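Remarks on the structure that follows.
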Amino acid sequence: MDDSTAPELVSLSLTVNGRPCTVRVDPAATLVEILRDDLGLTGTKIGCDRGACSGCTVWLDGEVVASCMTFALDAGGRSVTTIEGLARDGQLHPVQQAFVEHDAMQCGFCTPGMVMSCAHLVESNPDCTLDDVRGAIGGHLCRCGAYPNIFKATLAAATTVRQRKTRGPA
Amino acid sequence: MSTLQWTDARSVEEAVALLSASGTIAKAGGLDLLDLMKEGIVAPARIVNLQRIDALRGVRFDETSGLRLGALTTLAEIASDASIRRNYSALAASAAHAATPQVRNAATIGGNLLQRPRCWYFRNELFHAARQETGREQSQYGAIFDNAMSAMVHASTPATALLAYGASVHIAGKQGKTRTIALGDFLLPPDFDRDRDTTLGSDEVLTHVSVPPVAANTNAAYHKQTERESYDWPICDVAVVLTMKERKVEGAKIVAGAVAPVPRRMSASEKLLLGREIDEQLAADAARLAVGDATPTEKNSYKVPVLEVVIRRTIMAALR
Amino acid sequence: MSASDPREERTILAGIVGDSLRSVTRPIPAGEPPELPPNAELRVIGKRVNRVDAVPKVTGEARYTYDVQLPGMLYGRIVSSTVPHARIKSIDTTAAEAYPGVRAVHVLDRILSIAQLRDPSVEADERYPLVRYHGQPIAAVAAVSMRAAKAAAKLVRIEYERLPHVTSLEAAMQEDAPVVFPGPTEQAATAGGGGAAPNLPQEGNLRGPARGGLGGGPRGDVQQGFAQAEHILTREYSTQVQTHTPMETHGLVADWRDEELTLYASTQFVLSVRDEAADVFGLPKEKIRVFSEFTGGGFGAKFGIGNYGALAIHLSRKARAPVRLMLDRREEHVSVGNRPSTIQRLKLGAKRDGTLTALQVESFGTGGVALGAGVGFCHSTMYPIPNVLTEHYDVFTDAGPSAAFRAPGQVQGIFALEQALDELAHTLGMDPLALRDKVDTNDADDARARKVERRIGAEHAGWAQRRPPAADPGPIKRGLGMAQSQWAYIVHGTTSCEVRIRGDGSVAVMTGAQDIGTGTRTIMAQTVAEELGLRTEDVDARIGDSRYPAGPAAGGSRVTSSITPAARNASYAAARDLAARIAPHLGTKPEEIVFQDGRVFARGEPDRGLSFADAVRKANFDEIVHRADRREDYEGYRAKLGDLHISKQALGGVQFAQIAVDTETGVVKVERVVAVHDCGRPINPKLIESQIYGGVIQGVSYALYEERHLDPETGVQLNANIDQYKIVGSRETPDIEVHVIEQLGRQSSTDARGVAEPANVATAAAIANAFYNATGKRIRTLPMTPANVLAALRADDRNDDEEPA
């Protein structure tokens, strides 16, 4: 910014996808703005900017939150995981893989947020039922109507996670 | 262009002191604050962040003193806490059905009680400029009781359950003064002309909510009736808390939310149940009595039979 | 292909695979590839292939217009009207221009995408375009940050001279209603539909009657038809305004440079963005390049540049920097499109045996300040009714402009027509399916498809176990209903695909289309892969660049029907070219070369062949390029409106809905839908199912929850958000069972047709018919909110049907 009356920025340090970051932010900024505009992580989308569509879902200290309704400064000192941080070492998360197999998307704009919620569900409750899936994504809007395949993909991913857990470390 | 100032309060005393400056708003989860800011309804000069104040956290329960919820307790914590689910099931249910999983993870009980109404005139800055709730008759949501001046309703659904459990809020003010006020006296009918819909002073902080211990034979149920199940504001929500002696009702609290400016105790219905054994007929009679003095508008008249049904069903559900 | 291209008559099998195939003779243009057999004999087409661009979508790598970030990019913010009807007296932008970080401000001098006065001189003296709805875009600001743009936008001072306004359909129809447009108006359709017939009379806010449509206008004599009827029912239906609500709002990134204007658009039709920009800014088309890799939903509303796009381009030109202007959710609901409302007065005459003798519909609908509120064309095209008269009136209101929305008009029209048929069936003591068997008899592909679809659907939906109306004694009443769909089979005339085989064995195919979620890249890659014996993932499918060969609009369910024949023909030519080059190396003739399972070999000698890549390398060339245009359908079209080619054949579809009505709370739950559809030759059943899920879910949402609410006093949309504008979520999603039939119409080299819109057409009607089966009461008003349901349950449903002796 090049004007003298620019907002007074404050320093924000947080961990994003495992990496420590420090940015200077307008105190009124939301977490999604920081992620998208300051850190270039445009995978997280803004659908409504009011916390009603869940398109902006990220993990904050491992819990799902609406990043459009989270002050950036409230994430200070905490750990954020975005869609870009879900795959590990080039390996898709079971939910991501299942979404591909089951065509759990159409336009794809709601998909990053949806994947974050579904991945959180299968990791915290690999025994989840269809009702659990509906509940976990109850705040998500998918206007294209991919819900039936999202249900199938998430339950399939849960099976994968369950099997991995029973198999245990190699 | 002035920037929003952000201060992390380290203690309740510090927060109270900071709040005395004009244009200062306290923030817990920030859900309602952000929404109001984005809609252009509030534009604070400074935010006092309460999130670092440990004294505002924590859920404590014991059989003798009851439940103590720190103001920063999230709705998710309330919905999942074992002692709340066991002893205050209607409260747990109300929290579990509020908003979305994402919002529940961040929204606090303090913020939830202090939120402004969701009325779509209120949430639009155009109508604030005009300082009126234009065309309240046009809303098919809103109050069917006490709606002569305004049809706005309080937006908190946990408040419905908390009222049924006889909850109180605890407030800290200047010079370390604290006061306790029954929830029913704390909530005010939502109003465009005030900057809050509670009796919380501008330099006070809600520190915790207390709920009295429940009697041994307490049966409770909660139902939030929506148009859409996934995530929706209620047509009405009802909390029923009964204490039973053998099979007869010894004490009854029936509270309906989203149908009056503040959650409404259905006292006549409660009295009807006392000393009696509940069956479908009695529940129906109590429900009919509850809506008898409703004064719906043309557009929200459907709420009357719906509320009646929900009260009847929730009374029956409390028995199970 | 023109009419004068040499043709040969070929006799091929056509019809519904697994039901009835018959020989037909078609005039096939010379050089056309051989006809494809039924899908069971193919290797890639017809298979459940994973979407080729699924990975970027699930990893967040997919870049939408909202994600585009260019060096030095500015953020645009619109200033919109705060009154519903006014003359603008002055606009003062000085404070906004002076705001720190602001680089440009622009005030619109014309409004796109709304009705235009037939005689522009009527408002020629106006300094600014008239304001006709609350939220109409007036100007925009570009600044270095979104925060600065928003703050500066608030500083634009507008002085209004208010005029009387009207927001409700009924009020706007009154003689003394405030008038929205002071003279007759016109509005052309977009590539997605919408728009209105030209040169119709207009009085006050009423424009019409429009009597035409795909069926060609009135036929027979309805008075005589009713005279012949033994039963006449007259009913009124009403439907609400629905907003598109795509997850990605409308938006554009404009980068104006001296050499070229580059646009990144969230669009359904890349070339419409280019063409409207060329038109509005007086630029040659070659100087405009449009990119659209991924579009976050459109549903009919994203064509052209719109006012937001014009503003972005103006700002970029003024600021000499790229500008990204995305609408916020409120602006999205209000200013860029909606499905208009309707009031439909329908009169249906029939014989006692179900034969339909006459159908008359008088309808009204408001698309706000736009034209195009129709009720579709099903009345004259779906059933062979000898006497039909439809008269539709657009009614202007001071509200946001409508835009084509997934089967524009037809969803509204079928809601009424298919319910009327259901009522007729019950009155005559006929099973609704039996009535359809009796009357759905046109010699047309859609009628033939629906016959099979009724049978399949009835079996899977348990129609034989259907109970009489209001069978459940308790407050929760369940019911089963069905309704039929019809949509046009559309081909985009100017569609071209280019296939490139590179010397290293890689294969690419490209067309200047876009993807709003249907899977454009995938179906194109599958088609090429089939022809070259490869796997889908071996083909690099490219879209989203206006410099690629012209691609079709993603509207009218035409992408797959337009692209796949062009892609096939280009691949076929490339394969023949490659075969000629490889044949000598394999010691055979080009006609004997086979491409299969990733290999190239002489027919009958698979073990003596090479891998595709080795064969290409052996042929030793840099690159082979073959481009093919989408040829006309072999039997031509019913109508051609520019690039919109409408087939004589149509798409069908039959849906069965099982619902539960809580008669005490008025809450309706759609528990299960069986959707049976046709789409010509299904290219990818997985993607087709997704489209059908989407259409059904939008249909459920339209039937039960969605409604735009306007405040009459201010014209403000009260629920311009995602929590109070209610859309089906996870808990409202029914169990959906999909069946797709393979119908080979033999009109093109792939015979693929469309499915996205037919899947949306019948759902609300099926739910309404299920409502009757559940409760014994009709609900003729949408949406089926608790308030409307309780009113319907209470209504005295006695109708004075006529039964002329």
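Every chain is numbered from 1, with letters handed out A, B, ... down the list of sequences. Since the structure is predicted, the reported quantities are computational estimates derived from the model, not experimental observations.
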Applying a strict 4.5 Å limit to non-hydrogen atoms, the region of A:His120 in contact with chain B is neither
Please verify the inter-ring angle class for B:His128 with B:Phe192; under 30° counts as parallel, over 60° as perpendicular, anything in between as tilted. tilted
| query | Just wondering, are more than 12 heavy atoms of other shown residues or ligands nearer than 6.0 Å to CZ in B:Arg60? | reply | no
Give the intermediate values and the outcome of salt bridge (Lys or Arg N to Asp or Glu O under 4.0 Å) for residues B:Arg118 and B:Asp35. CA-CA 10 Å; B:Arg118 301 309 302 201; B:Asp35 193 271; 3.7 Å; yes
Those residues of residues 35-50 of chain A that come under 4.5 Å of chain B on a heavy-atom basis, listed by number, are A:Asp49, A:Arg50
Note to self: Do B:Asn49 and A:Leu73 have side chains that approach each other closer than 4.5 Å (heavy atoms only, starting at C-beta)?
What the structure shows: no
_Check: B:Phe127 ring centre within less than 6.0 Å of B:Phe122 ring centre_ = no
The interface call for A:Ser67 against chain B, heavy-atom contacts under 4.5 Å, is neither
If one checks every heavy atom of A:Val64 against chain B at 4.5 Å, the contacting part turns out to be both
When the 4.5 angstrom heavy-atom criterion is applied to A:Ala136 and chain B, the contacting part is backbone
Is any side-chain heavy atom of A:Ile150 closer than 4.5 Å to one of A:Cys118?
yes
Residue from B:Gln51, B:Lys38, B:Lys27, B:Glu229 scoring the most non-hydrogen pairs under 4.5 Å with chain A is B:Lys38
When the 4.5 angstrom heavy-atom criterion is applied to B:Glu39 and chain A, the contacting part is both
*Using 4.0 Å as the upper bound for N to carboxylate O, is an ion pair formed by B:Asp32 and B:Arg123?*
yes
Cut-off 4.5 Å, heavy atoms of chain B, and the answer for A:Cys56 is neither
Sorted by chain and residue number, the ring-ring contact (aromatic ring centres under 6.0 Å, His included) partners of B:Tyr222 (sequence neighbours excluded) come out as none
Subject >> salt bridge (Lys or Arg N to Asp or Glu O under 4.0 Å) between B:Lys224 and B:Asp232, worked out >> reply: CA-CA 10 Å; B:Lys224 177 185 178 187; B:Asp232 201 359; over 6 Å; no
